[in-house]
Amino acid sequence: MAPWIAYGTLMLAACILHQFAALALVVHAFVVPDYARRAWAYTALLVAAGVAPLAALGMAQSRQVAWIESVTGSEYQRFAILASFAMVLSYFASSGNAGKVSPEAPFSLRAIALPLFILPTALLMLISLYKPFYVERYVLYGLVGLALLLGAALDRMPELSPKLRVTGVIVVALAIALLIPESLKLRAPESRSDNVTDLAVVLSREYTPGDGILYLSVKRRAWSLAYPSVNRGMFDLAQEFTPEASHDLYGTELPSPQIRARMRSSARIIVVAEPKGIHVGSGGTERMKERVLAEYFTRALTIQVDGAQVMIYEPRTTATAAELAVSQE
């Protein structure tokens with residue numbers, strides 16, 4: 001009984017800290033021995049019941065992760081390649097000391113390592129077909145399974161024939177070669193989808209009293225939450241209610257006619273948008289903003305930061321007058 005209490009407490013704590021840790025319960029379902037299935041099932045049900053209120057609250061606040069996009073083809077491809085390598089590594093770890101069940105352990109290392117790597121990611125990708133939730137770091141714990149398979153395969157190398165040994169070394173080396181660049185990339189500042197610190201610096205430098213801030217997509221207003229002191233004194237042309245008042249990351253925007261009127265009356269507009277070629281929102285309000293900017297304003301300056309761009313727009317009449325003055329000199 002004590003081991004199951006410890007297991008249930010640990011899993012409940014993990015699920016409370018990170019709800020997608022519940023996917024590990026599915027992994028354990030594939031591994032737990034037949035004689036322990038009943039005890040495991042009761043424990044898993046208690047864990048699920050304990051985390052259910054938090055999960056319900058999380059679903060009610062699901063707009064907080066509305067920024068997550070659908071799984072891309074490259075993400076599917078990368079996972080398929082790594083899963084294939086994991087299966088090959090599992091073969092090399094399928095016998096010898098790595099594949100044997102010791103008297104002290106009810107299952108082999110391979111039996112837990114392969115599902116631990118594949119199932120959480122695969123399940124989250126399947127869930128994301130209904131509602132996008134997949135972010136690699138949400139199931140990062142699955143990499144422990146791949147690390148275990150790599151270690152088990154290396155441990156078994158001395159037992160293999162020379163030909164299999166060479167093949168095994170190549171497979172392990174390729175798996176490591178795939179993982180290291182991605183691991184280093186994830187730890188670099190450039191890997192972040194956006195750099196809100198640089199964005200805040202640019203906005204505080206460029207904004208002057210009388211300017212209007214315009215988030216081209218409502219979702220990009222979430223960037224303002226990182227440095228509220230910087231954005232607090234800025235006039236947001238489209239905002240009706242702040243993110244805090246709206247209880248989400250984006251706030252509530254004014255109706256399109258009011259946004260249009262505010263834009264037309266602005267002496268200068270600082271537009272915050274995603275990088276060129278990336279479109280998060282393409283609704284009627286976003287198209288209206290772009291149309292007003294194109295018809296009545298001229299872009300005077302564009303500043304690129306990681307994951308975003310800041311564009312300074314001036315009224316077209318002012319820009320035209322400036323151009324005429326230059327041409328007359």
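Count residues from 1 along the sequence.
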- Ile270 to Val310 - nearest heavy-atom pair and separation: CG2-CG1, 3.5 Å
- Task: Tell me, please, which residues at least two apart from Tyr134 pass side chain to side chain donor-acceptor pair (under 3.5 Å).
- Result: none
- Is Ile269 close to Met311 at the side-chain level, that is, under 4.5 Å between some pair of heavy atoms? no
- Task: Please list, chain by chain and in numerical order, all residues satisfying side chain to side chain donor-acceptor pair (under 3.5 Å) with Thr252, sequence neighbours excluded.
- Result: Ser246
- Going from CG on Leu140 to OG1 on Thr121, what distance comes out if it is rounded to the nearest 0.5 angstrom? 9.0 Å
- Report yes or no: do Phe241 and Tyr215 belong to one cluster of Ile/Leu/Val/Met/Phe/Trp/Tyr joined by side chain heavy-atom distances under 4.5 Å? no
- Set of residues satisfying side chain to side chain donor-acceptor pair (under 3.5 Å) with respect to Glu253, sequence neighbours excluded: Arg221, Lys289
- Query: Say you draw a straight line from CG of Leu254 to OG1 of Thr285; how long is it, rounded to the nearest 0.5 Å?
  - Reply: 10.0 Å
- Message: For a 4.5 angstrom cut-off between non-hydrogen side-chain atoms, does Tyr207 reach Phe235?
- Response: yes
- Message: Under a 3.5 Å distance rule, please check whether Ser84 uses its side chain to pair with a backbone N or O of Ala80 as donor and acceptor.
- Response: yes
- Between the side chains of Tyr138 and His18, is a donor N or O closer than 3.5 angstrom to an acceptor N or O? no
- Using the salt bridge (charged side-chain N to carboxylate O under 4.0 Å, His left out) rule, collect all pairs that involve residues 47-59, keeping only residues at least two apart or in two chains. none
- Query: What pairs meet the salt bridge (charged side-chain N to carboxylate O under 4.0 Å, His left out) rule with one or both residues in residues 2-25, with sequence neighbours excluded?
  - Reply: none
- Message: I'd like to check the side chain to side chain donor-acceptor pair (under 3.5 Å) partners of Tyr76; sequence neighbours left out, ordered by chain and number.
- Response: none
- Asp211 side chain reached by Ser266 side chain, heavy atoms, under 4.5 Å: no
- Query: So, the side chain of Gln304 versus the backbone of Gln309: is there a donor-acceptor pair under 3.5 Å, distance only?
  - Reply: no
Name each donor-acceptor pair under 3.5 Å that joins a side chain in residues 258-265 to protein atoms two or more places apart or in another chain, with its distance.
| residue | atom | partner | partner atom | Å |
| --- | --- | --- | --- | --- |
| Arg260 | NH2 | Tyr296 | OH | 3.4 |
| Arg262 | NH1 | Asp236 | O | 3.3 |
| Arg262 | NH1 | Leu237 | O | 3.2 |
| Ser265 | OG | Ala261 | O | 3.2 |
| Ser265 | OG | Arg262 | O | 3.0 |

- Query: According to the ring pair (Phe, Tyr, Trp, His ring centres under 6.0 Å) rule, which pairs have a member within residues 141-185, sequence neighbours left out?
  - Reply: none
- Item | hydrophobic_cluster_shared for Val230 and Val201, side chain cutoff 4.5 Å | no
- Ile5 and Leu45: same hydrophobic cluster, using ILVMFWY side-chain contacts below 4.5 Å? no
- Do Leu149 and Leu174 belong together in a cluster built from hydrophobic side chains that touch within less than 4.5 Å? yes
- Query: Going from CD1 on Ile16 to CE on Met11, what distance comes out if it is rounded to the nearest 0.5 angstrom?
  - Reply: 11.0 Å
- Note on the structure: Heavy atoms of Val196 and Trp223 approach each other most closely as CG1-CD1, 3.5 Å
- Would you give the length of the straight line joining atom CG of Asp155 to atom CG of Leu148, rounded to the nearest 0.5 angstrom? 12.0 Å
- Any side-chain heavy atom of Glu206 within less than 4.5 Å of one from Ile303? yes
- Any sub-3.5 Å donor-acceptor pair from Glu75's side-chain atoms to Thr72's backbone N or O? yes
- Message: So which atom in Ala21 and which in Ala14 form the shortest heavy-atom distance, rounded to 0.1 Å?
- Response: CB-O, 3.8 Å
- Spell out, yes or no, whether Leu23 and Tyr130 are grouped together once hydrophobic residues are joined by side-chain heavy atoms under 4.5 Å, including indirect joins. no
- Query: What are the two closest heavy atoms between Gln19 and Ala55, and how far apart are they?
  - Reply: OE1-CA, 3.3 Å
- Message: Please find the pair of heavy atoms, one from Val27 and one from Pro120, that lie closest to each other, and give the distance.
- Response: CG2-CD, 3.8 Å
- Message: I want to check something: taking the side chain as every heavy atom from C-beta on, are Leu146 and Leu89 in contact at a cut-off of under 4.5 Å?
- Response: yes
- What's the spacing between Tyr7 OH and Leu12 CG if we round to 0.5 Å? 11.5 Å
- Shortest non-hydrogen separation from Gly8 to Val47 and the atoms involved: O-CG2, 3.6 Å
- Query: Could you give the distance from SG (Cys15) to CG (Leu54), rounded to the nearest 0.5 Å?
  - Reply: 9.5 Å
- Query: Is there side-chain contact between Phe79 and Ile118, with heavy atoms separated by less than 4.5 Å?
  - Reply: yes
- Query: Any side-chain heavy atom of Glu314 within less than 4.5 Å of one from Phe297?
  - Reply: no
- How would you list, by chain and number, every residue that makes a side-chain contact (heavy atoms from CB on, under 4.5 Å) with Val26, sequence neighbours excluded? Phe30, Leu123
- Can you name the residues that form a side-chain contact (heavy atoms from CB on, under 4.5 Å) with Asp198, not counting sequence neighbours? Asn195, Val305
- Backbone N or O of Leu293 within a donor-acceptor pair of the Arg316 side chain at under 3.5 Å? no
- Residues that Tyr42 engages under side-chain contact (heavy atoms from CB on, under 4.5 Å), provided they are two or more places apart: Arg38
- Task: Just do the side-chain contact (heavy atoms from CB on, under 4.5 Å) check on Tyr313 and Leu214 with the steps written out, would you?
- Result: CA-CA 10 Å; Tyr313 280 83; Leu214 183 70; over 6 Å; no
- Item | Residues forming a side-chain contact (heavy atoms from CB on, under 4.5 Å) with Phe133, sequence neighbours excluded | Phe20, Met59, Val65, Leu124, Ile127, Ser128, Lys131
- 4.5 Å side-chain heavy-atom contact, Leu203 and Ile213: yes
- Message: Set out, in order, the CA-CA distance, both residues' side-chain angles and the distance that settles salt bridge (Lys or Arg N to Asp or Glu O under 4.0 Å) for Glu286 and Arg220, then state yes or no.
- Response: CA-CA 12 Å; Glu286 285 77 11; Arg220 294 314 187 192; over 6 Å; no
